[in-house]
Structures are given as structure tokens and as C-alpha cells.
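The first residue in the sequence is number 1, and the count goes up from there. Everything numeric in this text was worked out from a predicted model, so none of it was measured.
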Amino acid sequence: MNKRVLISALTALLFSFTALANAQDDGFVSIFNGSDLTGWVGDSNLWRVEDGAITGQTNDSDKKITVNQALYYSEDQEIGDFELRFDYKISNWGNSGCYYRGWFLEEPNKYRMGGYQADFDGDATYAGIMYGEAFRGILANLGTVSRVTPEGQIETVASFATPEEIRANVKVEDWNHYEVSAHGYVFVHKINGKVTSVFIDEDKDDVRRASGVLGWQLHVGEPMKVQIKNVYLKKFPK
């Protein structure tokens with residue numbers, strides 16, 4: 001690995017431990033009002049507000065889906081550098097995540113999105129990884145610093161924790177606190193105060209994403225329910 005990549009990775013880790021912890025509420029803006037879905041767009045049959053939380057739910061009858069579905073933030077669809085904080089709970093079988101720097105895939109799937117994704121799931125198998133939805137698949141596994149090279153190859157730069165150590169910090173079928181940091185092309189995910197993955201995107205400029213849409217995912221498969229609340233966003237100039 002080259003020195004520039006190592007410095008970027010270590011800087012990202014340092015940033016996640018210090019700047020976010022010290023920021024308190026400075027510059028963070030609530031983007032969910034806790035009572036309705038004002039500012040958010042998705043299939044109203046799948047998404048609602050319940051007990052003060054954004055709630056997405058599927059079943060095997062009237063709420064069955066055949067492709068992944070998104071609820072997206074409509075107030076700003078070109079979010080670039082940012083920090084995001086939210087709480088999530090996912091019940092039963094389920095796989096979900098936060099899309100960011102995302103884009104809309106072609107019709108007829110009106111609420112189908114691609115993009116970077118801060119993943120989380122019902123049994124904490126993938127909670128905290130970096131996933132590329134319609135966008136290269138798993139990009140950083142639990143406890144790793146990973147990158148995509150300019151040639152498009154995914155490689156692990158370093159490991160800072162075992163997957164078991166990461167999973168032990170995640171609550172199953174209970175509320176967890178998630179933090180996502182995107183600065184330039186360095187991305188840091190944290191759950192309950194601990195870094196879960198770091199990803200550096202050095203791919204070609206026409207592949208990697210500088211800005212895009214923010215949203216939540218309902219995953220195709222067995223019936224599931226996901227809830228998100230206390231959503232705070234802090235944007236930075238490019």
C-alpha cells in the first residue's frame with residue numbers, strides 16, 4: 001500500500017474518534033420531525049411514522065416487495081460531504097441500511113436506489129459494513145480499512161478489530177446509534193460509538209460518487225420491520 005492511502009485511513013479513524021465526539025450539536029440539523037414524513041418520499045404503503053420513528057415494513061400479502069425499496073430525503077438530493085447521526089432498530093429477519101451519495105435506478109421501480117450504503121441488519125451479521133448497492137457490492141467488511149484502487153480493485157488496507165468484536169457492540173432487536181462520515185472519498189461508519197469500517201474510494205472519477213441522495217432501505221425477502229429516529233445531518237462545503 002502507498003503512504004498516501006495509509007495517511008488517509010489513519011486520518012479517517014482519528015477524525016471519527018475525536019471530531020464527531022467533540023462536535024456535540026454544532027451544525028447538526030434535524031431532518032426528521034418525529035411526527036410525519038415531511039421531506040421524505042417513498043411508497044406510503046411501506047413507510048409510515050410509528051412511535052416517533054420512521055417505520056418501514058413488509059409482509060407476505062399487501063406489503064410484499066420484489067425489489068429493494070427506498071424512502072429518500074427529498075429536500076436536498078445532492079448531499080456531498082457530511083456527517084449523519086441516527087438511531088435504528090430492526091426486528092425479525094431483516095436487512096436495511098442508509099443510502100448516501102445515491103441515485104435512482106430506472107423505472108418501473110420508482111423507489112429503487114443505488115449508492116454507498118451504511119448497512120445494518122436484524123442479527124448484526126453485516127451491521128456497520130460499507131456496501132455498494134448496484135455499485136460493486138461489499139466495499140469494506142467489519143473491522144477493516146478498505147479501498148478501491150484507481151483500477152477498480154477492492155483491497156483491504158488494514159484490520160483494526162475482528163467481526164466478532166464489532167458484533168458484540170451491536171444490540172439485536174433494540175435501538176442502536178449509527179454515525180456516518182463522508183469527507184471527500186473517505187467514509188467512516190460507527191455504531192454505538194465504535195468504528196465498524198473505513199472505506200477509501202480511489203476509483204475513477206466517473207465511477208465513484210461525489211454527491212447524491214440520502215435514503216433508507218427495505219430489503220426484498222422475508223417480512224421485516226425497520227425503524228429510524230433522531231436523524232441529524234451536518235453538511236460541509238466540497
Side-chain angles (χ1 to χ4, degrees), residues 12-13 15-25 27-32 34 40 47 51-56 68 70-73 79 81-91 94-102 113 115-133 138-146 160-161 163 165-183 186-199 212-219 224-236:
L13 284 170
F15 183 90
S16 69
F17 280 116
T18 56
L20 283 178
N22 295 330
Q24 299 179 354
D25 290 332
F28 282 89
V29 175
S30 173
I31 58 172
F32 167 56
W40 297 86
W47 298 95
D51 298 329
I54 295 171
T55 302
N68 297 345
L71 177 79
Y72 67 90
Y73 183 56
I79 299 172
D81 286 9
F82 69 91
E83 292 162 17
L84 179 73
R85 304 191 298 201
F86 62 93
D87 298 326
Y88 79 89
K89 180 169 70 172
I90 183 166
S91 303
N95 185 293
S96 184
C98 174
Y99 295 111
Y100 59 94
R101 296 191 184 179
M113 284 179 60
Y116 299 109
Q117 186 184 119
D119 207 289
F120 51 90
D121 60 318
D123 61 3
T125 299
Y126 300 104
I129 70 167
M130 164 66 92
Y131 187 78
E133 178 83 3
I138 294 177
L139 298 173
N141 279 302
L142 296 180
T144 68
V145 180
S146 298
F160 57 86
E165 290 170 332
I166 300 292
R167 292 173 184 136
N169 189 50
V170 180
K171 303 171 187 175
V172 175
E173 294 197 0
D174 200 352
W175 289 101
N176 293 277
H177 183 66
Y178 214 127
E179 298 173 46
V180 180
S181 168
H183 289 271
V186 178
F187 310 97
V188 181
H189 295 172
K190 294 174 65 176
I191 296 180
N192 298 330
K194 293 187 177 182
V195 176
T196 59
S197 64
V198 178
F199 174 63
V213 183
L214 180 72
W216 313 107
Q217 181 194 69
L218 275 175
H219 202 284
M224 63 168 289
K225 180 179 180 180
V226 61
Q227 293 185 287
I228 301 105
K229 64 181 182 179
N230 302 325
V231 186
Y232 292 89
L233 176 68
K234 182 177 182 178
K235 295 186 289 186
F236 295 84

Exercise. Any idea which heavy atoms bring Met113 and Ala70 closest together, and the distance?
Worked result: SD-CB, 3.5 Å
Exercise. Are the aromatic ring centres of Phe32 and Trp216 under 6.0 angstrom apart?
Worked result: no
Problem set entry | Inter-residue atom distance Arg85.CZ - Phe28.CZ, 0.5 Å rounding | 4.0 Å
Problem set entry | Verdict with reasoning, Thr196 to Phe120, per side chain to side chain contact (heavy atoms under 4.5 Å, CB included) | CA-CA 11 Å; Thr196 59; Phe120 51 90; over 6 Å; no
Exercise. For Asp87, what residues pass the side-chain contact (heavy atoms from CB on, under 4.5 Å) criterion, not counting sequence neighbours?
Worked result: Trp175, His177, Lys229, Asn230
For this session: Evaluate side chain to side chain contact (heavy atoms under 4.5 Å, CB included) for Val180 paired with Phe187, printing each intermediate quantity in order.
Result: CA-CA 7 Å; Val180 180; Phe187 310 97; over 6 Å; no
For this session: Spell out, as yes or no, whether a donor-acceptor pair under 3.5 Å connects the side chain of Asn169 to the backbone of Ile191.
Result: yes
For this session: For residues Tyr131 and Tyr126, establish whether the separation of their ring centroids is below 6.0 Å.
Result: no
Exercise. Where the side chain of Asn192 meets the backbone of Val170, is there a donor-acceptor pair that is under 3.5 Å apart?
Worked result: no
Exercise. How far does OG1 of Thr144 sit from CD1 of Ile166, to the nearest 0.5 angstrom?
Worked result: 9.0 Å
Seminar exercise, completed: Taken to the nearest 0.5 Å, the spacing of Leu214 CG from Leu233 CG works out to 6.5 Å
Problem set entry | Side-chain heavy atoms of Asn95 within contact of Asp119, under 4.5 Å | yes
For this session: Determine whether Ile54 and Trp47 make a side-chain contact, defined as any pair of heavy atoms from C-beta on separated by less than 4.5 Å.
Result: yes
Seminar exercise, completed: Interatomic distance, CD@Glu173 vs CG@Asp123, rounded to 0.5 Å, equals 10.0 Å
For this session: List for me each residue that meets side chain to side chain donor-acceptor pair (under 3.5 Å) alongside Lys225, sequence neighbours excluded, and say none if there are none.
Result: Glu50
For this session: List the atom of Gly128, the atom of Ser197, and the distance in Å for their closest heavy-atom pair.
Result: O-OG, 2.7 Å
Exercise. Can you tell me how far the OH atom of Tyr88 sits from the CD1 atom of Ile228, to the nearest 0.5 Å?
Worked result: 10.5 Å
For this session: Let me see the working for Gln227 and Thr55 under side chain to side chain donor-acceptor pair (under 3.5 Å), right down to the final yes or no.
Result: CA-CA 4 Å; Gln227 293 185 287; Thr55 302; 3.1 Å; yes
Exercise. Among Gln117, Met224, His219, which one satisfies side chain to side chain contact (heavy atoms under 4.5 Å, CB included) with Ser96?
Worked result: Met224
Exercise. Of Phe236, Phe82, Phe199, which meets ring-ring contact (aromatic ring centres under 6.0 Å, His included) against His183?
Worked result: Phe236
Problem set entry | Plane angle bin for Tyr100 and His189 - parallel if under 30°, tilted between 30 and 60°, otherwise perpendicular | perpendicular
Problem set entry | pair Cys98-Tyr178: side-chain heavy atoms closer than 4.5 Å | no
Problem set entry | Ion pair Asp81/Arg101, N-O distance below 4.0 Å | yes
For this session: Specify whether Tyr73 and Trp40 have parallel, tilted or perpendicular ring planes, treating 30° as the upper limit for parallel and 60° as the lower limit for perpendicular.
Result: tilted
Problem set entry | Distance in Å, Ser146 OG paired with Asn141 CG, rounded so as to fall on 0.5 Å steps | 6.5 Å
